[in-house]
Colleague: 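Can you keep this structure in mind? I'll have questions shortly.
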Amino acid sequence: MISGFILRALEGRIVIAVGILLAVAIIVPALNLLTSPDSALHIPTYVMALMGKYLCYALLALALDLVWGYCGILSLGHGAFFALGGYAMGMYLMRQIGSRGTYGNPDLPDFMVFLNWKELPWFWYGFDMFPFAMAMVLIVPGLLAFVFGWFAFRSRVNGVYLSIITQAMTYALMLAFFRNDMGFGGNNGLTDFKDILGFQVQAGGTRAVLFALSAIMLALCLIVASAITRSKFGKVLVGVRDAESRVRFLGFRVENIKLFTFVVSAMFAGIAGALFVPQVGIINPGEFAPANSIEVVVWTAVGGRGTLIGPIIGAILVNAGKSYFTGAFPEFWLFALGGLFIAVTLFLPKGIVGTIQHGWNARKALKAAADAEKGRDAGAAPVTQQAQAAE
């Protein structure tokens with residue numbers, strides 16, 4: 001059953017994309033660790049960390065594409081799931097600091113000591129164990145998505161109203177996490193991480209492993225997303241996107257289909273956030289900002305929603321451009337981002353990959369029609385010759 005699920009996912013372009021990601025997971029760390037800093041092939045650690053951040057963003061864009069591109073749910077709150085996964089990882093990393101913090105308290109993180117907390121809050125228990133923290137990376141975003149989706153989808157909230165509610169959700173979470181009494185570091189968030197699984201977070205080898213894990217997890221999530229969308233369930237999913245009332249009339253429980261997809265997508269986003277935090281070195285309430293979720297929509301639209309690979313490409317290209325332009329032309333970056341989104345909407349409504357796929361399919365259709373025409377002409381020629389011989 002599992003092998004059949006995986007085999008359904010491995011169509012041509014997905015195999016190529018997974019192969020590229022796995023190759024990147026090996027080549028980039030190797031060029032960082034095994035080459036001399038003076039070599040032209042050497043990739044500096046800061047560049048590798050930046051590329052790892054792009055891969056985390058690509059996984060977040062893939063998560064959004066699963067619900068927007070295939071189910072028609074335009075979520076403007078996926079930044080919340082990303083941030084919750086990041087906070088779960090951040091809480092584990094904070095518990096690993098122990099007595100090495102500024103105040104030397106073996107049980108309480110520095111910000112709790114500064115705020116005169118006397119004991120560790122109950123919701124921090126268990127985060128000193130890596131398996132528990134990793135389970136929370138999936139459970140917390142998935143549970144929020146389940147509760148939110150349960151009420152929203154059963155109430156048949158759709159379209160722009162659902163988008164506004166998702167944005168309100170992430171904005172409310174941002175305001176809550178800014179409060180010091182929430183127990184998550186307030187405005188400063190969680191930072192000053194030391195170890196992960198006993199290895200120094202800032203060590204070159206650790207950063208190389210985190211980068212490789214980011215590429216591998218993106219490849220695995222791409223396989224899972226492809227298997228879902230290419231299955232019979234995926235066909236129903238597209239039907240919900242294109243004609244929800246008709247699918248409902250056929251007897252499908254549309255709210256359950258949406259809920260399952262929304263929860264899986266939220267878990268993908270949580271994984272992306274968990275991989276993002278140790279590579280960046282901080283997580284704060286700014287990750288909940290609604291503008292961040294809107295940027296994810298831009299990445300997905302630029303790459304091409306409903307293509308799986310497109311959002312990955314869009315996230316990497318847009319963020320690479322952002323890194324360059326914020327350094328070269330910082331005052332114009334937001335205008336460039338807005339102009340890019342407008343240009344894509346007007347001239348590439350299917351996105352980069354979607355436009356290429358559309359052009360390729362159109363070319364194949366024209367070639368097939370031309371071959372069919374040649375076949376008819378070739379079949380008509382002998383008939384004409386036989387008629388002339390009979391005369």
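Since this is a predicted model, take the numbers as computed values, not measurements. Residues: numbered from 1 along the sequence shown.
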Colleague: Heavy atoms, side chains only, cut-off 4.5 Å: are L144 and L173 in contact?
Modeller: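 Side chain of L144 against side chain of L173, heavy atoms only: contact under 4.5 Å found.
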
Colleague: Hey, could you give me the CD1/CD1 distance between I312 and I20, rounded to the nearest 0.5 Å?
Modeller: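 Interatomic distance, I312 CD1 to I20 CD1, rounded to 0.5 Å: 10.0 Å.
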
Colleague: If you look at every heavy atom in I216 and A25, which pair is closest and at what distance?
Modeller: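 The pair with the smallest heavy-atom distance is CG1-CB, 4.1 Å.
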
Colleague: Are L34 and V28 in one and the same hydrophobic cluster, where Ile, Leu, Val, Met, Phe, Trp and Tyr link if side-chain heavy atoms are under 4.5 Å apart?
Modeller: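 Each belongs to a different hydrophobic cluster.
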
Colleague: Step by step, would you call I164 with L76 a side-chain contact (heavy atoms from CB on, under 4.5 Å)?
Modeller: CA-CA 7 Å; I164 292 172; L76 297 179; over 6 Å; no

Colleague: According to ring-ring contact (aromatic ring centres under 6.0 Å, His included), who are the partners of F260, at least two apart in sequence or on a separate chain?
Modeller: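 Here the qualifying residues are F233.
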
Colleague: Which atoms form the tightest heavy-atom contact between L21 and L55, and what is the distance?
Modeller: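 Minimum heavy-atom separation between L21 and L55: CD2-CD2, 4.3 Å.
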
Colleague: Quick check: does any side chain N or O of N292 sit under 3.5 Å from a backbone N or O of G79, one acting as donor and the other as acceptor?
Modeller: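 Not at all, since once roles are kept as given, no pair shorter than 3.5 Å links the two residues.
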
Colleague: Test your reading of the model: is there a side-chain donor-acceptor pair from N105 to the backbone of L108, 3.5 Å cut-off?
Modeller: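 Side chain of N105 to backbone of L108, a donor-acceptor pair under 3.5 Å: yes, one is there.
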
Colleague: Without swapping roles, check the side chain of T300 against the backbone of D65 for a donor-acceptor pair under 3.5 Å.
Modeller: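 Such a contact is absent between T300 side chain and D65 backbone.
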
Colleague: Distance-only, no hydrogens or angles: does the T166 side chain make a donor-acceptor pair with backbone N or O of S163 under 3.5 Å?
Modeller: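 Yes: the side chain of T166 pairs with the backbone of S163.
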
Colleague: Distance-only, no hydrogens or angles: does the R100 side chain make a donor-acceptor pair with backbone N or O of Q96 under 3.5 Å?
Modeller: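 At least one qualifying donor-acceptor pair exists.
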
Colleague: Between R248 and E255, does a salt bridge (Lys or Arg N to Asp or Glu O under 4.0 Å) hold up when you go through it step by step?
Modeller: CA-CA 9 Å; R248 195 183 298 275; E255 57 273 14; 3.2 Å; yes

Colleague: Apply side-chain contact (heavy atoms from CB on, under 4.5 Å) to residues M112 and W124 and explain how you reach the verdict.
Modeller: CA-CA 12 Å; M112 291 187 184; W124 277 77; 3.4 Å; yes

Colleague: Does any donor atom in the side chain of Y54 or S323 lie under 3.5 Å from an acceptor atom in the other side chain?
Modeller: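 A donor-acceptor contact under 3.5 Å links the two side chains.
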
Colleague: So F262 and F153, would you call those rings parallel, tilted or perpendicular, with 30° and 60° as cut-offs?
Modeller: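 It falls in the perpendicular class, over 60°.
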
Colleague: When you compare the side chains of R207 and Q202, does any donor N or O come within less than 3.5 Å of an acceptor on the partner?
Modeller: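 Yes - a donor-acceptor pair under 3.5 Å links their side chains.
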
Colleague: Which residue pairs satisfy the ring-ring contact (aromatic ring centres under 6.0 Å, His included) criterion with at least one member in residues 194-230, sequence neighbours excluded?
Modeller: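 Residue pairs with at least one partner in residues 194-230: there are none.
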
Colleague: Could you tell me the separation between the CD1 atom of I271 and the CG atom of L213, rounded to the nearest 0.5 Å?
Modeller: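 Going from the CD1 atom of I271 to the CG atom of L213 covers 11.5 Å.
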
Colleague: In Å, rounded to the nearest 0.5 Å, how long is the span from CG of D195 to CG of L93?
Modeller: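 Output value for this atom pair is 9.0 Å.
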
Colleague: To the nearest 0.5 Å, how far apart are OG1 in T206 and CD1 in I196?
Modeller: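 The OG1 atom of T206 sits 8.0 Å away from the CD1 atom of I196.
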
Colleague: Are F268 and F81 an aromatic pair by the rule of ring centers under 6.0 Å?
Modeller: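 Ring-ring flag for F268/F81: false, centres at least 6.0 Å apart.
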
Colleague: Look at the rings of F132 and F127 and say which category their plane angle falls in: under 30° parallel, 30 to 60° tilted, over 60° perpendicular.
Modeller: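 Geometry flag for F127 against F132: perpendicular rings.
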
Colleague: Can you name the closest pair of heavy atoms from I283 and V277 and give their distance?
Modeller: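 That would be CB-CG2, 3.8 Å.
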
Colleague: Is the backbone of G69 close enough, under 3.5 Å, to the side chain of R241 for a donor and an acceptor to pair up by distance?
Modeller: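 It does hold such a pair.
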
Colleague: Say you draw a straight line from CG of L237 to OG1 of T229; how long is it, rounded to the nearest 0.5 Å?
Modeller: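 Rounded to the nearest 0.5 Å, the CG-OG1 separation comes to 8.5 Å.
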
Colleague: Counting only N and O atoms by type, is there a donor-acceptor contact under 3.5 Å from the side chain of N284 to the main-chain atoms of L190?
Modeller: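 Absent.
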
Colleague: Test side-chain contact (heavy atoms from CB on, under 4.5 Å) on T170 and H78; report intermediate values, then the result.
Modeller: CA-CA 8 Å; T170 189; H78 259 54; over 6 Å; no

Colleague: How far apart are the C-alpha atoms of Q279 and S214, what are their side-chain angles, what is the distance that settles it, and do they pass the side-chain contact (heavy atoms from CB on, under 4.5 Å) test?
Modeller: CA-CA 10 Å; Q279 296 184 83; S214 299; 2.9 Å; yes

Colleague: Counting C-beta onward and ignoring hydrogens, is there a side-chain heavy-atom pair between V297 and W68 closer than 4.5 Å?
Modeller: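 Answer yes - side chains close enough.
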
Colleague: Would R154 and N256 count as a side chain to side chain donor-acceptor pair (under 3.5 Å) if you check the C-alpha gap in whole Å, the side-chain angles of each, and the deciding distance to 0.1 Å?
Modeller: CA-CA 9 Å; R154 290 183 179 275; N256 292 344; 3.2 Å; yes

Colleague: What about L74 and I342, same hydrophobic cluster or not, with Ile/Leu/Val/Met/Phe/Trp/Tyr joined at side-chain heavy-atom distances under 4.5 Å?
Modeller: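 No, no single cluster joins them.
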
Colleague: Show the nearest heavy-atom pair for residues M174 and P290, with the distance to one decimal.
Modeller: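 So the minimum-distance heavy-atom pair works out to SD-CD, 4.3 Å.
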
Colleague: Specify the closest pair of heavy atoms between A88 and V137, including all atoms of both residues, with the distance to one decimal.
Modeller: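 Distance-wise, the nearest heavy atoms are CB-CG2, 3.8 Å.
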
Colleague: Between OH of Y125 and CZ of R95, what distance do you get to the nearest 0.5 Å?
Modeller: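 Answer rounded to 0.5 Å: 8.5 Å.
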
Colleague: What verdict does the side chain to side chain donor-acceptor pair (under 3.5 Å) test give for Q167 and S293, after you've listed the backbone C-alpha separation in whole Å, the side-chain angles of each residue and the deciding distance to 0.1 Å?
Modeller: CA-CA 8 Å; Q167 191 168 57; S293 296; over 6 Å; no

Colleague: Consider only side-chain heavy atoms of I, L, V, M, F, W and Y, link residues closer than 4.5 Å, and tell whether Y87 and M129 are in one cluster.
Modeller: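 As far as the 4.5 Å side-chain criterion goes, M129 and Y87 are connected within one cluster.
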
Colleague: With ring centroids as reference points, do F123 and F184 lie under 6.0 angstrom apart?
Modeller: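 They qualify: ring centres under 6.0 Å apart.
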
Colleague: Parallel, tilted or perpendicular for Y103 and F114, by the 30°/60° rule?
Modeller: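 Tilted.
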
Colleague: Are L115 and W122 connected, step by step, through hydrophobic side chains (Ile, Leu, Val, Met, Phe, Trp, Tyr) whose heavy atoms are closer than 4.5 Å?
Modeller: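 Both belong to a single hydrophobic cluster.
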
Colleague: With no hydrogens and no angle check, is any side-chain donor or acceptor of S265 less than 3.5 Å from a backbone partner on A63?
Modeller: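 A pair under 3.5 Å: yes.
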
Colleague: Counting C-beta onward and ignoring hydrogens, is there a side-chain heavy-atom pair between V263 and W150 closer than 4.5 Å?
Modeller: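 Of all side-chain heavy-atom pairs linking W150 with V263, none is under 4.5 Å.
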
Colleague: Can you name the closest pair of heavy atoms from L210 and P278 and give their distance?
Modeller: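 Nearest heavy atoms, L210 then P278: CD1-CB, 3.8 Å.
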
Colleague: Should V224 and L218 be regarded as members of a common hydrophobic cluster, given that ILVMFWY residues are connected when their side-chain heavy atoms come within less than 4.5 Å of each other, either directly or indirectly?
Modeller: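 Yes, V224 connects to L218 through the hydrophobic network.
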
Colleague: Hey, does F146 have a side-chain heavy atom less than 4.5 Å from the side chain of L259?
Modeller: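 They are in contact (side-chain heavy atoms under 4.5 Å apart), so the answer is yes.
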
Colleague: Say whether, by atom type as modelled, one donor and one acceptor occur between the side chain of T261 and the main chain of I257 under 3.5 angstrom.
Modeller: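 Flag set: sc T261 to bb I257 pair under 3.5 Å.
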
Colleague: Taking the side chain as every heavy atom from C-beta outward, state whether V240 and Y70 have any pair of such atoms under 4.5 Å apart.
Modeller: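 A side-chain contact is absent here, since even the closest heavy-atom pair is not under 4.5 Å.
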
Colleague: Run the ring-ring contact (aromatic ring centres under 6.0 Å, His included) check on Y171 and F288 step by step: do they pass?
Modeller: CA-CA 7 Å; Y171 184 67; F288 286 101; over 10 Å; no

Colleague: Taking the side chain as every heavy atom from C-beta outward, state whether E287 and F276 have any atom pair closer than 4.5 Å.
Modeller: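 Side-chain contact under 4.5 Å: yes.
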
Colleague: For the pair Y92 (side chain) and A133 (backbone), establish whether a donor and an acceptor sit closer than 3.5 Å, ignoring hydrogens and angles.
Modeller: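 Between the backbone of A133 and the side chain of Y92 there is no qualifying donor-acceptor contact (under 3.5 Å).
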
